[in-house]
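Structure first, then comments.
Order of listing sets the numbers, starting from 1, for every ligand and every atom in it.
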Amino acid sequence: MNSSYALEAVDVVKSYPDSHGEGRLIILNGVRLRLNPAERVAIVGPSGSGKSTLLHLLGGLDRPDSGSIKWSGEEMTGWSSDRLARERNRHIGFVFQFHHLLPEFTALENVLMPSLIAGDSDSVARERARYLLERLGLAERLDHRPSQLSGGEQQRVAMARALMNRPRLLLADEPTGNLDKRHSDLILQQLDELREEEGVSMLLITHDMELASDCDRQYRLQEGKLVEALQGAPLG
Ligand code: ADP
Ligand code: MG
């Protein structure tokens with residue numbers, strides 16, 4: 001049944017006004033996708049094909065023109081902005097290509113932020129934030145500000161923040177797209193260990209075919225639709 005999917009999208013359509021302001025540019029034209037609990041699924045596709053647009057819709061950061069999106073079986077497209085923000089804070093973790101950390105706060109404070117927003121107890125939250133940062137290799141960096149961290153360290157903080165509220169679903173948009181391959185592989189491996197231990201589903205947008213093949217399933221976004229790669233077939 002529906003409720004068994006961590007995430008389900010059916011017939012999702014999204015368009016933007018064209019540059020002349022006359023017509024609309026259809027970016028997503030009937031996207032279907034299913035993600036099982038604890039499953040790790042990759043989305044690949046050329047630049048400009050609408051991958052980030054799709055991720056924003058699936059995470060409730062933007063709304064589709066039409067179609068259905070369910071989080072753990074619950075239709076979320078009709079929710080008010082307040083409800084959407086609340087549920088997103090509890091159930092969805094985001095990692096973007098750029099970390100979006102708050103510059104005036106320390107690593108620990110940045111990771112704590114989602115729990116403060118949710119109104120969670122401070123000492124328990126601090127313990128979890130510290131644990132996540134330690135697991136991601138940042139035990140010695142808790143009190144550093146983003147500007148005092150390397151690019152890879154900044155992304156680790158963003159990953160800890162994404163996991164802070166024990167989300168059911170992690171949405172990652174080229175999370176290590178600005179790091180070198182070796183560094184990127186290491187960080188994603190550390191993230192994945194935590195993700196697996198906590199049973200979090202993950203949708204990973206990447207142009208790294210090796211990373212994509214490592215996931216449980218792969219979709220390609222082309223001409224506004226998701227096409228699932230056949231098991232064992234090359235993605236390219
Ligand atoms: P990808 O992440 O696959 O590179 P995007 O989802 O960022 O692609 O963009 C898909 C298309 O939608 C691009 O042609 C882009 O210019 C267009 N687009 C994205 N966001 C907007 C927006 N807010 N307004 C108008 N067009 C947009
Ligand atoms: Mg993108």
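In this structure, the protein non-hydrogen atom closest to atom 9 (O) of ligand 1 is Thr53 OG1, 3.8 Å. In terms of protein heavy-atom proximity, atom 7 (O) of ligand 1 is nearest to Ser52 CB, 3.8 Å. Among protein heavy atoms, atom 23 (N) of ligand 1 sits closest to Tyr16 CE2, 3.7 Å. Ranking the protein heavy atoms by distance from atom 8 (O) of ligand 1 puts Gly50 N, 3.2 Å first.
Set against the non-hydrogen atoms of Pro46, the atoms of ligand 1 under 4.0 Å away are 3 (O).
Between Phe96 and Phe94, the ring planes lie parallel to each other; the angle is under 30°, not in the 30° to 60° tilted range.
Side chain of Arg128 to backbone of Met164: a donor-acceptor contact under 3.5 angstrom is found. Side chain of Arg40 to main chain of Asp214: a donor-acceptor pair is present (N/O by atom type, distance under 3.5 Å, no hydrogens or angles).
In Pro17, neither the side chain nor the backbone holds a heavy atom less than 4.0 Å from any atom of ligand 1.
Considering all non-hydrogen atoms of both residues, Leu171 and Leu58 come closest at CD1-C, 4.1 Å.
Taking 4.0 Å as the cut-off between side-chain N and carboxylate O, Lys181 and Asp185 count as a salt-bridged pair. Using a 4.0 Å cut-off between charged nitrogen and carboxylate oxygen, Glu74 and Arg83 count as a salt-bridge pair. The pair Arg24-Asp18 does not count as a salt bridge, with every side-chain nitrogen at least 4.0 angstrom from each carboxylate oxygen.
Atom 15 (C) of ligand 1 lies below 4.0 Å from none of the non-hydrogen atoms of the protein. Protein heavy atoms are found inside the 4.0 Å sphere centred on atom 20 (N) of ligand 1.
Every N/O-N/O distance between Ile27 and ligand 1 stays at or above 3.5 Å. Checking only distances, Gly48 does come within under 3.5 Å of ligand 1, N or O to N or O.
In summary, no N, O or S atom of Ser47 is located under 2.8 Å from the Mg ion (ligand 2).
The closest approach between Gly45 and ligand 1 stays at or above 4.0 Å for every heavy atom of the residue.
Side-chain contact of Glu75 with Ser68: a donor-acceptor pair under 3.5 Å is present, judged by distance alone.
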